[in-house]
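Both counts, for ligands and for their atoms, begin at 1 and track the order of listing. Being a predicted model, the structure only gives us computed values, none of them experimental.
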Amino acid sequence: MQILNNAPLSHLNTFGLDAQAKKLLILDDKAQLDALPAVIEKDEPLLPLGGGSNVLFCEDFQGAVLLNRLKGIEVRETEEAWLLHVAAGESWPALVDWTLAKGMGGLENLTLIPGTVGAAPIQNIGAYGLELAPRCDYVDFLDLTTGEQRRLTASECHFGYRDSIFKQELKGQTLITAVGLRLEKAWQAVLDYAPLTQLAYDEVTPHQVSELVKTVRTTKLPDPSQLGNAGSFYKNPTITRTSFEALKELHPDLPGFVTGPNQVKVPAAWFIDKAGWKGQRLGGAGVHEHQALVLVNHGQAKAAEVLELARSIRMDVQAKFGVLLTPEIRLIGASGEITL
Ligand code: FAD
Ligand code: EPU
């Protein structure tokens with residue numbers, strides 16, 4: 001295990017914000033997990049980190065960042081499915097491409113989502129009508145409070161929209177080490193999301209779905225290597241049917257997706273856009289000009305500027321529409337996660 005002191009984090013977060021960690025532990029072998037307790041001080045704040053594509057470093061981290069670089073993919077095959085055991089430090093988008101190249105369908109809608117496999121269950125990554133949940137078999141993790149290695153089945157992970165047990169009861173207590181995936185051989189396309197509905201269900205291949213998703217994603221979302229960002233800054237809020245109908249009367253163009261008997265999911269991007277924030281800048285921080293839900297770093301953004309912009313947007317949307325936006329991105333303070 002490599003241990004670095006006062007390590008820069010700017011190249012380890014896709015927002016490209018400047019920050020440093022008091023200690024950076026680079027884990028690239030599962031055997032190192034046993035040695036962790038010896039190198040971690042008592043009560044030292046710990047932060048597992050994968051690709052840094054869903055974090056905002058708000059200040060220097062006064063603890064140990066556990067950089068997950070555990071690698072390896074094992075495949076077992078049954079008559080019905082391919083069963084993958086994937087080490088947490090593998091790249092998620094590379095895994096999707098790898099499965100498709102091997103003729104295994106199932107992950108194509110989740111193509112090009114940045115980050116590591118180990119982070120995928122944390123917010124139950126989702127895109128274009130599919131989430132990780134239905135493809136996840138189990139999650140292996142190190143319990144950072146007891147040092148014990150444990151496994152949860154997918155149903156024990158309590159997956160929800162951008163949510164799981166790892167953001168709730170087990171928040172801050174786990175280092176995910178591997179994820180089990182089950183890809184059915186009887187592949188069925190998931191084509192419910194608007195741009196995919198143009199594909200012919202009976203003829204389409206997983207590869208074609210992936211190619212279309214890649215095209216749509218690259219036209220909407222900024223490439224972090226060109227323009228720092230962490231994807232959607234806020235989650236899409238869920239409101240009651242009554243609130244939705246009241247808003248719809250005032251704004252007939254408001255989109256909404258019924259997600260429960262009295263629940264409608266509304267696009268945060270629509271509210272931010274409608275409130276006039278698209279393309280706005282605050283110092284080095286800005287709102288992406290093609291996707292209002294994505295805050296970006298125009299070059300030298302400071303965390304304080306991103307936070308001020310994010311708070312101003314949230315206040316404005318609440319004042320104009322009565323809808324509260326909550327961040328999807330994880331805000332990291334000096335000793336752990338903080339709120340907006
Ligand atoms: P990190 O940013 O490194 O970490 C995120 C959180 O998980 C942190 O709290 C961290 O402490 C914790 N964590 C990371 N690894 C571990 C581990 N091994 N064990 C325990 N805790 C851990 N997300 C979607 O769901 N759908 C999208 O379509 C999507 N599109 C995106 C597009 C862009 C351009 C970008 C930049 C991001 C996008 N995201 C999307 C968000 C991001 O890709 C996902 O949240 C991804 O799973 C984050 O992976 P990561 O390895 O970078 O996690
Ligand atoms: N819209 C606007 N203005 C904009 C952009 C979008 O009004 O600038 C409206 C449009 O009406 C559009 C709707 O918002 O129909 C939804 O937009 P889009 O399809 O781009 O999806 P999103 O809700 O902005 C969500 C996820 C993305 C995921 C896409 C595709 C969340 C928080 N975000 O974005 O995930 O890739 O759907 O499934 O759920 C991420 O989590 O980081 C992420 C990028």
Side-chain angles (χ1 to χ4, degrees), residues 9 12-15 27 46-57 61 65-70 87-93 109-132 139-142 144 161-162 164 166-167 170-179 193-196 213 216-237 253-257 265-274 277-279 287-294 296 325-332 336-337:
L9 296 170
L12 296 176
N13 73 97
T14 61
F15 229 109
L27 297 163
L46 298 178
L47 179 75
L49 189 68
S53 63
N54 208 29
V55 288
L56 190 77
F57 287 118
F61 187 68
V65 168
L66 309 176
L67 192 63
N68 164 26
R69 294 291 181 257
L70 302 172
E90 290 285 344
S91 148
W92 176 266
N109 298 54
L110 304 177
T111 206
L112 271 196
I113 299 181
T116 53
V117 169
I122 293 171
Q123 71 159 6
N124 180 25
I125 54 168
Y128 297 93
L130 183 69
E131 292 180 332
L132 174 78
V139 176
D140 286 351
F141 65 92
L142 175 74
L144 295 170
Y161 165 65
R162 297 296 189 267
S164 74
F166 304 105
K167 286 177 79 175
L170 295 179
K171 184 173 175 175
Q173 297 174 29
T174 63
L175 173 71
I176 293 176
T177 54
V179 176
Y193 206 86
L196 305 185
V213 171
V216 177
R217 290 186 69 95
T218 45
T219 52
K220 283 191 183 180
L221 294 166
D223 174 354
S225 69
Q226 311 291 319
L227 190 61
N229 76 92
S232 301
F233 197 94
Y234 305 95
K235 289 187 273 196
N236 283 329
D253 59 328
L254 171 68
F257 309 90
K265 203 200 270 184
V266 282
W270 184 92
F271 293 105
I272 301 169
D273 196 347
K274 199 80 172 175
W277 286 96
K278 208 163 172 173
V287 181
H288 187 47
E289 39 193 32
H290 302 310
Q291 225 301 359
L293 194 46
V294 179
V296 297
L325 299 180
T326 52
E328 175 196 295
I329 184 169
R330 314 290 293 271
L331 309 175
I332 311 296
E337 192 167 2

Enquirer: Specify the protein heavy atom at minimum distance from atom 42 (C) of ligand 1: its residue, its atom name, and the distance to 0.1 Å.
Expert: S53 OG, 3.4 Å

Enquirer: Less than 4.0 Å from atom 10 (C) of ligand 2, is there any heavy atom belonging to the protein?
Expert: no

Enquirer: Does an N or O from Q123, backbone or side chain, lie closer than 3.5 Å to an N or O of ligand 2?
Expert: no

Enquirer: Which of the atoms in ligand 1, numbered in the order shown and given with their element, are less than 4.0 Å from a heavy-atom of N68?
Expert: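 Those atoms are 18 (N).
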
Enquirer: Heavy-atom distance from atom 15 (O) of ligand 2 to the protein below 4.0 Å?
Expert: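 Given the 4.0 Å limit, the answer for atom 15 (O) of ligand 2 is no, no protein heavy atom qualifies.
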
Enquirer: With a 4.0 Å cut-off on heavy atoms, is E337 touching ligand 1?
Expert: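 Heavy atoms of E337 never come under 4.0 Å of ligand 1.
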
Enquirer: Which heavy atom of the protein is the closest neighbour of atom 47 (O) of ligand 1, given with residue, atom name and distance?
Expert: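 Answer, as residue, atom name and distance: I125 CG2, 3.3 Å.
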
Enquirer: Using a plain distance cutoff, I'd like to know if Q123 has any nitrogen or oxygen under 3.5 Å from a nitrogen or oxygen of ligand 1.
Expert: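 It does: an N or O of Q123 is found under 3.5 Å from an N or O of ligand 1.
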
Enquirer: Looking at CZ of F233 and CG of L293, how far apart are the two atoms once the value is rounded to the nearest 0.5 Å?
Expert: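 Separation between the atoms: 10.0 Å.
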
Enquirer: Does G50 reach ligand 1 with a nitrogen or oxygen that is under 3.5 Å from one of the ligand's nitrogen or oxygen atoms?
Expert: yes

Enquirer: Near R217, which atoms of ligand 1 are under 4.0 Å from a heavy atom of that residue?
Expert: 27 (C), 28 (O), 29 (C), 30 (N), 31 (C), 32 (C)

Enquirer: Going by the order shown, which atoms of ligand 1 are within less than 4.0 Å of some heavy atom of P222?
Expert: 34 (C)

